[in-house]
Amino acid sequence: MMTHAAPLPAAADRPTGLWLAGARGSVATTTVVGLLALQRGLVEPTGCATTRPPLDDVALPAWSRIHIGGHDVVSTPLETRADALADAGVLPHGVLAAVRPSLAGIDDAIKCRPDPAPGVDVQESAVRSLAADIADFRQRRGLERVVVVNVASTEPPCAEEAWHHDAGLLTQALADPGKVALPPSSATALAAIRAGCPYVNFTPSPGIRLPVLEKLVTAAGLPYAGSDGKTGQTLLRSALGPMFAARALRVRSWSGTNLLGGGDGATLAGCGAAASKLRSKSRAVTALFGDVTAPLHIDHVPDLGDVKVAWDHVAFEGFLGARMALQLSWTGYDSALAAPLVLDLCRLVAAAHAAGLAGPLTALGCFFKDPVGSNVHGFADQWRALTDWAATLPRAGRSR
Ligand SMILES: NC(=O)c1ccc[n+]([C@@H]2O[C@H](COP(=O)([O-])OP(=O)(O)OC[C@H]3O[C@@H](n4cnc5c(N)ncnc54)[C@H](O)[C@@H]3O)[C@@H](O)[C@H]2O)c1
């Protein structure tokens, strides 16, 4: 349950940091270039729901108030990543040319940090260094708050329940990782908590969703949101699924296939990581229709570059048992779908933090495939929950 901590004195539109874990990946680079373009008024905020009624009335940090920092395990310059994304058709060349001079400044705010992998005996020092990096970024830039968003490569699932609500286990893990160790995304989440930052998990990796960390973050009076951005096939499923249910049409099976190029596709082709993604992608159909046949596949097709293709085949039954089917295909640029959500989440989570909210932000479920603290998956219901919640936040007119 979301709880109210003591209200923070600052208004939501003060200078805000967006700390990206995986800051040199496709989603992060698209977010950086997109934010720079928005700050210069070069593009419309297409895909950013916070710029449209009724969310545009909420006191949220303006684009000009958002500062980006982050960390990654590689040091590839943002410019190199952005050039590749422009060649792939994700970023317009003209927009990239206009913001190119600013990329080096953001490179300077991105730390190269080794992967705090399980089994390595430096997890405690890795967490401490990362927390110090985030706190230093906040202090140097004079930021009111920093929202940490995980957009790093997907990790394999871990046995979350093994991580009890016992802080002693965490201390033991950090001190003696030979026995038990945090997944890298959870080490990042712990660093965010120690730095006093709200946290968003845009990936299906474990992140903050270990019982011991969920307890810590709530006790620290910090809000968090996740998991796994809902940008394509699952978005479509969560909008269409409730239609079948409302019309009393019986869904017999819902089958899906995904073809992915890009870095995410390559990661998901590796052993283990696909299991995390398939698990979060399956949540919506299971929640909406129970135990229907719902096979789901992800294939890596490097030739597609940053394009993703999703096919859905929905077999359903109508009046008098008539058998029918709906077939859909969705083609999109993964990172172009994700980046506006990352920006929206940064603004909304900053507003939640400014309002003194702590614990899971269940009202942000429409942004995620596996919404934390909620089993509501129908998009219209999730959208209503978001706008109802947003109506409780301070209005822009009042706080500016
Ligand atoms: N539409 C979308 O693009 C979408 C939707 C939902 C979720 N996601 C998730 O977002 C994440 C990023 O996707 P992407 O396409 O940018 O992938 P990508 O492979 O292009 O980028 C991932 C980045 O994370 C870095 N990284 C790996 N391990 C790290 C660690 N321990 N700490 C910090 N950085 C680390 C990599 O070096 C890389 O730069 C993936 O987990 C993906 O599943 C993407």
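None of these values were measured; they are calculated from a predicted model. FYI, side chains are in, hydrogens and waters are out, and symmetry mates aren't considered; it's all heavy atoms of this structure. Read the numbers this way: they start at 1 and go in the same order the structure lists the ligands and their atoms.
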Geometric N/O contact [X] with ligand 1, under 3.5 angstrom:
X    : result
G229 : no
A338 : no
T154 : yes
P184 : no

Say whether [X] and ligand 1 are in contact under the criterion: heavy-atom distance to a ligand atom below 4.0 Å.
X    : value
R81  : yes
K369 : yes
V74  : yes

Self-check item: Per atom 1 (N) of ligand 1, closest listed option by heavy atom (D334, T203, T30)
Solution: D334
Quiz item: Heavy-atom distance to atom 22 (C) of ligand 1: which of S153, G22, S205 wins?
Solution: S153
Quiz item: Who pairs with Q39 by side-chain hydrogen bond (donor to acceptor under 3.5 Å, both in side chains), at least two apart in sequence or on another chain?
Solution: none
Quiz item: When you look for heavy atoms under 4.0 Å from ligand 1, do you find them on the side chain of T231, its backbone, both, or neither?
Solution: side chain
Practice problem: Check whether any side-chain heavy atom of C158 sits under 4.5 Å from a side-chain heavy atom of L210, and report yes or no. | Solution: yes
Quiz item: Any idea which atoms of ligand 1 are less than 4.0 Å away from a heavy-atom of R24?
Solution: 39 (O)
Practice problem: Show your reasoning for whether side-chain contact (heavy atoms from CB on, under 4.5 Å) applies to V200 and F367. | Solution: CA-CA 11 Å; V200 177; F367 290 99; over 6 Å; no
Exercise. Check whether NZ of the Lys or CZ of the Arg R40 lies under 6.0 Å from the centre of the six-membered ring of W63 and within 45 degrees of that ring's axis.
Key: no
